[in-house]
Amino acid sequence: TQYRFYRKKMMFKNIAAALLLGTSSLLLVPKTDAHFFWVNVDKAAGEVEVTFSEKAGVPDGAIQHLKDKIDGGFALYAMSLDKVDSKLRAPHNHGPRRTSLDWRLEDERIVGSLPKEMEASSSIVVSGRMDFGPFSEYGIDVDDLQQHFSSDQLLNKKTPLKVPAHEKMKEKPFYMEVVGCDSEVVATVHGLSTSTDKETPISVCFYALGGKKIGCEDAETKDDDAVVARLHIDAKLGGKTTIFAKTRAMFPSDGEKGTIKFITVSAEYAPECTF
């Protein structure tokens, strides 16, 4: 009995160590597979699912090892981009208002619900973040490590993902738009005007639901705040399906070590382009 208890204890200890090593390896090599937060939205059910796993969008019990951190550093939001309800608008009509979502941690995932007032909305963005705070282990030393995640699955492709208030901000929000159809998937990464990665190309990796890598591509400059990564795919991904993308960037911090931000995005792929 004591031996079985010892083996179980060591198993969990090794899993925790693997998660940390995986995360810090990813900091060194952006294209390395490691555990990330991914969000998947089912509007028909009104459900938002967030997973923490190597395989994009696949539930993984590893999320339980972050329970204490999740309780204090996790946030989940939804934002409607059309004018279906005045309750969804920011004060003085300065663009859409971000609404905090209720959520709960289950065995292998975090589950949230879309607000009822968004049921009639034709264009919704779901987003969230997990702030790990200072990270100084396994050769990595930053003032703050953040994982951001969002879903463009309910975003109307004819509705630009643009908030007027962002133009007045000195430090723009860090986010990514993803679209995919026919033989191309495209990611536009915003909020890089204050990034410290000026000499390092931003690389974006794309995945199919279940974690199969579609490919990675270095992004090209769009303007002083955004870059675009375009990946040509030799074969279509079948019918309509969910795709994912991830990238990372370094930013200044109040300290001297900087802040590293990772971001993942889910979106809908269509075999034919209609936009």
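FYI, side chains are in, hydrogens and waters are out, and symmetry mates aren't considered; it's all heavy atoms of this structure. The shown structure was predicted, so the numbers you read here are calculated from the model rather than taken from an experiment.
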Taking atom [atom1] of [X] and atom [atom2] of [Y], what is their separation to the nearest 0.5 Å?
{"X": "R248", "Y": "L145", "atom1": "CZ", "atom2": "CG", "result": "10.0 Å"}
{"X": "K261", "Y": "L192", "atom1": "NZ", "atom2": "CG", "result": "10.0 Å"}
{"X": "D71", "Y": "L66", "atom1": "CG", "atom2": "CG", "result": "10.5 Å"}
{"X": "C216", "Y": "L231", "atom1": "SG", "atom2": "CG", "result": "8.0 Å"}
{"X": "I70", "Y": "I110", "atom1": "CD1", "atom2": "CD1", "result": "4.0 Å"}
{"X": "F74", "Y": "K69", "atom1": "CZ", "atom2": "NZ", "result": "15.0 Å"}

Assess the side chains of [X] and [Y]: does a donor N or O sit below 3.5 Å from an acceptor N or O?
{"X": "K55", "Y": "Y207", "result": "no"}
{"X": "T242", "Y": "S266", "result": "no"}
{"X": "Q64", "Y": "D107", "result": "no"}
{"X": "S53", "Y": "D60", "result": "no"}
{"X": "S127", "Y": "S150", "result": "no"}

Set out, in order, the CA-CA distance, both residues' side-chain angles and the distance that settles ring-ring contact (aromatic ring centres under 6.0 Å, His included) for Y269 and F206, then state yes or no. CA-CA 12 Å; Y269 165 86; F206 300 90; over 10 Å; no

Examine distances only and state if a side-chain atom of [X] and a backbone atom of [Y] form a donor-acceptor pair shorter than 3.5 Å.
{"X": "D141", "Y": "S136", "value": "no"}
{"X": "D42", "Y": "A45", "value": "yes"}
{"X": "S151", "Y": "Q153", "value": "yes"}
{"X": "Q147", "Y": "F37", "value": "yes"}

Geometric class of the H190/Y175 ring pair [parallel <30°, tilted 30-60°, perpendicular >60°]: parallel

Hey, can you tell me if H148 and F174 have their rings parallel, tilted or perpendicular (30° and 60° cut-offs)? perpendicular

For E119, all residues meeting side chain to side chain contact (heavy atoms under 4.5 Å, CB included), sequence neighbours excluded: K116

The test is side chain to side chain contact (heavy atoms under 4.5 Å, CB included); show your working for W103 and V111 and say whether it passes. CA-CA 5 Å; W103 55 270; V111 178; over 6 Å; no

Using side chain to side chain donor-acceptor pair (under 3.5 Å) as the criterion, point out the one residue from S123, S122, S121 that pairs with S80. S121

Is there a side-chain contact between [X] and [Y] in this structure, where contact means two heavy atoms from C-beta onward sitting under 4.5 Å apart?
{"X": "T51", "Y": "V58", "value": "no"}
{"X": "L81", "Y": "I124", "value": "no"}
{"X": "L209", "Y": "N40", "value": "yes"}
{"X": "D254", "Y": "D143", "value": "no"}
{"X": "S253", "Y": "D144", "value": "no"}
{"X": "T196", "Y": "F251", "value": "no"}
{"X": "T264", "Y": "M176", "value": "no"}
{"X": "F262", "Y": "K246", "value": "no"}

Intermediate values then yes/no, side chain to side chain contact (heavy atoms under 4.5 Å, CB included), Q146 and F132: CA-CA 6 Å; Q146 300 174 10; F132 288 87; over 6 Å; no

Considering non-hydrogen atoms only, spot the tightest contact between [X] and [Y] and give its length.
{"X": "A78", "Y": "P115", "value": "CB-CD, 4.4 Å"}
{"X": "K43", "Y": "L154", "value": "CB-CD2, 3.7 Å"}
{"X": "T247", "Y": "S203", "value": "OG1-O, 2.7 Å"}
{"X": "P252", "Y": "T259", "value": "O-OG1, 3.9 Å"}
{"X": "E184", "Y": "I233", "value": "N-CG1, 3.9 Å"}
{"X": "Y77", "Y": "S100", "value": "CE2-OG, 3.5 Å"}

How far apart are the C-alpha atoms of M250 and V142, what are their side-chain angles, what is the distance that settles it, and do they pass the side chain to side chain contact (heavy atoms under 4.5 Å, CB included) test? CA-CA 10 Å; M250 283 291 299; V142 292; 4.3 Å; yes

Using a strict cut-off of less than 4.0 Å between a Lys/Arg side-chain nitrogen and an Asp/Glu carboxylate oxygen, indicate whether [X] and [Y] qualify as a salt bridge.
{"X": "R129", "Y": "D131", "result": "yes"}
{"X": "E106", "Y": "R104", "result": "yes"}
{"X": "E217", "Y": "R230", "result": "no"}
{"X": "K240", "Y": "E272", "result": "no"}

Which residue in the set V178, V228, V204, V265 passes side chain to side chain contact (heavy atoms under 4.5 Å, CB included) when paired with V189? V204

Check the pair K172, D225 against salt bridge (Lys or Arg N to Asp or Glu O under 4.0 Å), reporting the backbone distance first and the verdict last. CA-CA 8 Å; K172 306 291 193 298; D225 190 62; 5.5 Å; no

Working note: E177 + D152, criterion side chain to side chain contact (heavy atoms under 4.5 Å, CB included); need CA distance, chi angles, decisive distance, verdict. CA-CA 7 Å; E177 298 175 77; D152 292 350; 4.1 Å; yes

In chain order, what residues pass the ring-ring contact (aromatic ring centres under 6.0 Å, His included) check against F244, with sequence neighbours excluded? W38

So does D102 have more than 12 non-hydrogen atoms from other groups sitting under 6.0 Å from CG? no

